[in-house]
There are 2 protein chains.
Amino acid sequence: MATGRTHRPATRSRGIPEATVARLPLYLRALTALSERSVPTVSSEELAAAAGVNSAKLRKDFSYLGSYGTRGVGYDVEYLVYQISRELGLTQDWPVVIVGIGNLGAALANYGGFASRGFRVAALIDADPAMAGKPVAGIPVQHSDELESIIQDNGVSIGVIATPAGAAQPVCDRLVAAGVTSILNFAPTVLTVPDGVDVRKVDLSIELQILAFHEQRKAGEEAAAQTAAAAPAPVRKDSATDQGPDGDVPAVMPA
Amino acid sequence: MATGRTHRPATRSRGIPEATVARLPLYLRALTALSERSVPTVSSEELAAAAGVNSAKLRKDFSYLGSYGTRGVGYDVEYLVYQISRELGLTQDWPVVIVGIGNLGAALANYGGFASRGFRVAALIDADPAMAGKPVAGIPVQHSDELESIIQDNGVSIGVIATPAGAAQPVCDRLVAAGVTSILNFAPTVLTVPDGVDVRKVDLSIELQILAFHEQRKAGEEAAAQTAAAAPAPVRKDSATDQGPDGDVPAVMPA
DNA sequence: ATGTCTTTGTGAACGCGTGCACAAAGATGG
DNA sequence: CCATCTTTGTGCACGCGTTCACAAAGACAT
């Protein structure tokens with residue numbers, strides 16, 4: 001999972017559990033595919049398989065939205081698409097700004113999945129004056145000086161941060177001060193925001209590290225002890241005898 | 001959170017809870033920053049603040065790894081960096097292939113966070129023959145025909161999929177058949193893999209939709225009923241009286 | 001109209017994750 | 001060597017999320 005919500009202790013928003021909200025876009029995507037194939041109805045079992053979840057979980061998720069199914073038949077695809085879209089707030093248009101137009105920012109600007117779901121890239125913003133005016137994905141990049149006016153003129157409430165780590169917090173502060181209340185953060189930093197502002201984080205490096213953990217387990221399930229002995233472990237600092245430079249003695253659990 | 005693990009029912013890997021594993025990279029990043037500033041020790045309170053988590057949670061997380069702290073003092077930064085790195089499997093080199101060198105794939109290839117953590121981009125692979133040989137991030141792109149041999153020659157066990165949605169499952173199948181057992185998927189699709197293969201998913205569109213949900217709640221906490229009445233809701237299919245085309249009558253809960 | 005069959009919606013049990021609160025451990029000063 | 005102070009490590013309770021299993025509801029055939 002490349003994401004982690006920034007605290008918010010599972011604030012069950014109006015009775016819909018956070019875990020359910022996180023799955024709704026998944027259902028929506030599967031339903032949209034069915035809709036394009038003109039499939040009229042779908043059972044919880046089929047839809048769950050398409051979304052990669054347990055069917056009981058899916059039914060419970062939908063039960064939080066209301067009773068939208070028909071027993072013995074299933075769910076009306078079009079109707080459900082509309083209900084989920086409305087619940088997620090996708091029936092309205094969300095102007096979004098992307099700050100930091102490097103490789104990743106450019107990739108995001110070109111990403112088609114935004115426009116198709118009610119998200120509109122209102123502006124691309126970068127701190128580099130040389131970038132200003134250059135079109136990326138058909139939109140001219142604007143300089144960060146104009147950040148505040150862009151936010152206010154377009155009524156932007158969602159900001160995407162794709163800057164280097166060091167610039168993320170200052171940019172975040174300016175976005176929030178200008179009126180942004182939801183932030184998607186791609187910079188590898190912990191952002192501090194006031195109450196009432198939502199932050200979601202996408203961290204590519206963390207995802208890989210989690211994969212590496214499981215990979216290591218799979219690979220070294222039998223040869224684990226061997227590698228542990230071979231790797232040079234830093235000596236644990238013992239405050240009483242701490243005078244020489246760090247040695248190469250492998251750390252062993254003291255008795 | 002831009003990620004969601006693909007089932008694996010919280011498989012507590014060797015006693016370390018999945019939730020803890022997901023936080024270890026966060027601690028590691030904070031610790032690395034401290035290490036660069038030559039800070040010798042850190043308390044759970046300080047480190048927790050830097051990582052953006054509760055200090056009790058942090059201590060419990062570390063307790064799964066062992067007793068690496070000193071009461072009254074805190075944790076030795078260098079020692080802890082090593083222990084977490086080892087636990088995550090970052091003391092060894094992980095060759096990684098990136099498949100699909102579009103905007104996103106190129107951004108990933110250029111992303112510095114990989115190399116700095118023991119991940120090495122072994123190859124860039126794309127299906128477009130016109131891309132073959134073109135250098136991206138200093139690495140020449142190779143054609144998908146060579147996917148299997150690249151995987152095997154380099155002993156790659158982690159693959160990153162940054163292709164369009166339609167190509168993701170076939171690419172995934174080929175990766176798995178060639179020996180890859182961990183996949184980081186950026187394509188907006190549910191991947192089906194055999195047991196023993198880990199899949200993590202990063203979905204930009206889903207993250208934005210979750211933000212939109214909370215944004216909508218914040219914005220329309222008082223004007224909710226109003227917008228619901230204004231939006232044109234598709235009529236619910238009533239199987240008994242289903243003859244005309246869809247009307248515009250707002251759907252209302254039947255008595 | 002009645003019976004059968006399918007599929008939903010949900011009550012209930014269970015397990016994981018979180019956070020409190022405190023005892024144990026060690027450092028530090030006199 | 002003893003007292004005090006800091007900080008870790010963890011037992012415990014609570015709440016969220018998941019899953020099972022089944023009753024209720026409706027479609028459909030006869």
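Every chain is numbered from 1, with letters handed out A, B, ... down the list of sequences. Just so you know, these numbers use all the heavy atoms, side chains as well, and skip hydrogens, waters and symmetry mates.
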Separation of C:dG9 atom P from A:L58 atom CG, nearest Å, is 10 Å
Mind calculating the distance between CG (A:L47) and P (C:dT7) to the nearest angstrom? 14 Å
I'd like to know if the side chain of A:R117 pairs up with that of B:S205 as donor and acceptor (distance under 3.5 Å, no hydrogens or angles considered). no
Send over the distance from B:D61 CG to C:dT18 P, rounded to a whole Å. 7 Å
Would you say A:T189 and A:Q169 are linked by a side-chain donor-acceptor pair, where the criterion is simply a distance under 3.5 Å? no
Please assess A:I161 against A:L191 for the test side chain to side chain contact (heavy atoms under 4.5 Å, CB included), listing each intermediate value before the final yes or no. CA-CA 11 Å; A:I161 297 180; A:L191 291 180; 4.0 Å; yes
Pairing residues for B:R23 by the salt bridge (Lys or Arg N to Asp or Glu O under 4.0 Å) criterion, not counting sequence neighbours: B:D61
Which whole-number value in Å describes the distance from A:E45 CD to D:dT19 C1'? 13 Å
So, does A:S44 get its side chain near the phosphate of C:dT8, meaning an N or O under 4.0 Å from OP1 or OP2? yes
Whole-Å distance between C:dT6 P and A:E46 CD? 14 Å
Kindly say if B:S43 contacts the phosphate of D:dT7, meaning a side-chain N or O under 4.0 Å from OP1 or OP2. no
With a 4.5 Å limit on heavy-atom distance, are the side chains of B:V202 and B:N185 in contact? no
Of all residues at least two apart in sequence or in a different chain, which pass the side-chain hydrogen bond (donor to acceptor under 3.5 Å, both in side chains) check with A:Q92? none
Below 4.0 Å: OP1/OP2 of D:dG9 and any side-chain N or O of B:Y75: yes
Considering only nitrogen or oxygen atoms on both sides, find all protein atoms under 3.5 Å from nucleotides 20-25 of chain C and state each distance.
unit_1 : atom_1 : unit_2 : atom_2 : d
C:dA21 : N6     : B:R59  : NH2    : 3.4
C:dA24 : N3     : B:R71  : NH1    : 2.7
C:dA25 : O4'    : B:R71  : NE     : 3.4

Rounding to a whole Å, what distance do you find between A:Y64:OH and C:dG11:P? 11 Å
Name the one of B:Y82, B:F62, B:Y68 that satisfies ring-ring contact (aromatic ring centres under 6.0 Å, His included) with B:Y75? B:F62
In this structure, how many angstroms lie between the P atom of D:dT8 and the NZ atom of B:K57, rounded? 17 Å
Please state how far atom CG in B:D76 lies from atom P in D:dT7, giving the value in whole angstrom units. 16 Å
